[in-house]
Amino acid sequence: MSQQVLLCPPTYFDVVDSKNPYMSGKTPVNRKKAQEQWDGLCASLRHCGCEVETITPVPGLEDMVFAANPGFVGSSKKTGKFVVPSHMVHASRQREVAHYLEWYRQRGYRVIDLDLAPEHLEGHGDAIWHPGVSRVYVGYGFRTTRGGAEKLASQMTTMAVQAVVLQLVDPWCYHLDTSLCPLNSEAVLIYPGAYSVESLDRLRPHWKRVYELTEDEARGFMGNGIVAGGHYITPHITPHLEAMLRQEGLTSLVVDTSEFEKSGGSCFCMKAFLPED
Ligand code: ARG
């Protein structure tokens, strides 16, 4: 069965404020180019065997294109397909949540509302599954709060999912998905500078092979890639990253996301992987 993936067209995408250090707003967004790049990402996902689903974009929700953030999606024996609604830090992003929830609800997902306020939790921006293992990594520090991460962790524990809570310390890696990308069940790409010392020590033992990105690679969103169909979909590539991918039998597939990088996001956060039925 092909991997289903949810994306949101960039119809109203824009950089209107500064939610993270990438959003200087120095160069305005070129919407036409953004649409072409988004089309390119969809084409690459299909090329890698994914089935692309879309949600209708909403005017005024300039970041809705980052489909990974409004909910944390998974599936468990007990609940079936589920979504944990995010409590986003920024008001315009918080308004996305109801639209995404409705999309999930209509498709039979069970909504697990953690009643997060006053804490924050930003979906797959900060919560990443370990492939093939009942484990999730949850980052906190810039967007998701420690309390939000802990609420998700306790919920996961009740569902027999292990949660590894990690403290993020580099503002350029404000979401976990900028510094952690599982390549398969044994290997992971990380940017070590994103984590507190204790968190890094907690993360490493869960993986047989840990590949380290440089600071420049991390800031170039090379840890924000998508693994699909033997490829690593990435906005940029270096010989160093290419060599690490090769050791895991992956081939890079470069997709231009320059317009979205102005907003602090790239491939990984522009989609949500959907669980199989
Ligand atoms: N401008 C968006 C924000 O700051 C970008 C989100 C990118 N998502 C991600 N998971 N890194 O919220």
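Indexing begins at 1, ligand by ligand and atom by atom, following the structure's order.
- Residues Tyr137 and Trp207 bring their aromatic ring centres within 6.0 Å.
- For Trp129 and Phe72, the ring centers are positioned less than 6.0 Å apart.
- Side-chain contacts under 4.5 Å among hydrophobic residues (ILVMFWY), followed directly or transitively, place Val58 together with Leu6, Ile55, Leu61, Met64, Val73, Val83, Met88, Val97, Tyr100, Leu101, Trp103, Tyr104, Tyr109, Val111, Leu274.
- Here side-chain hydrogen bond (donor to acceptor under 3.5 Å, both in side chains) pairs that include residues 78-87, with residues two or more places apart or in two chains, are Ser76-Thr79, Lys81-Asp277.
- A cation-pi contact, defined as under 6.0 Å to the ring centre and within 45° of the axis, is absent between Lys262 and Phe260.
- When hydrophobic residues (I, L, V, M, F, W, Y) are linked wherever their side-chain heavy atoms come within less than 4.5 Å, Val197 remains an isolated member.
- Annotation: ligand 1 has protein neighbours Lys19, Asn20, Met23, Asp63, Phe66, Asn69, Arg93, Gly125, Arg143, Tyr174, His175, Asp177, Ser263, Gly264, Gly265, Cys269, each with a heavy atom less than 4.0 angstrom from the ligand.
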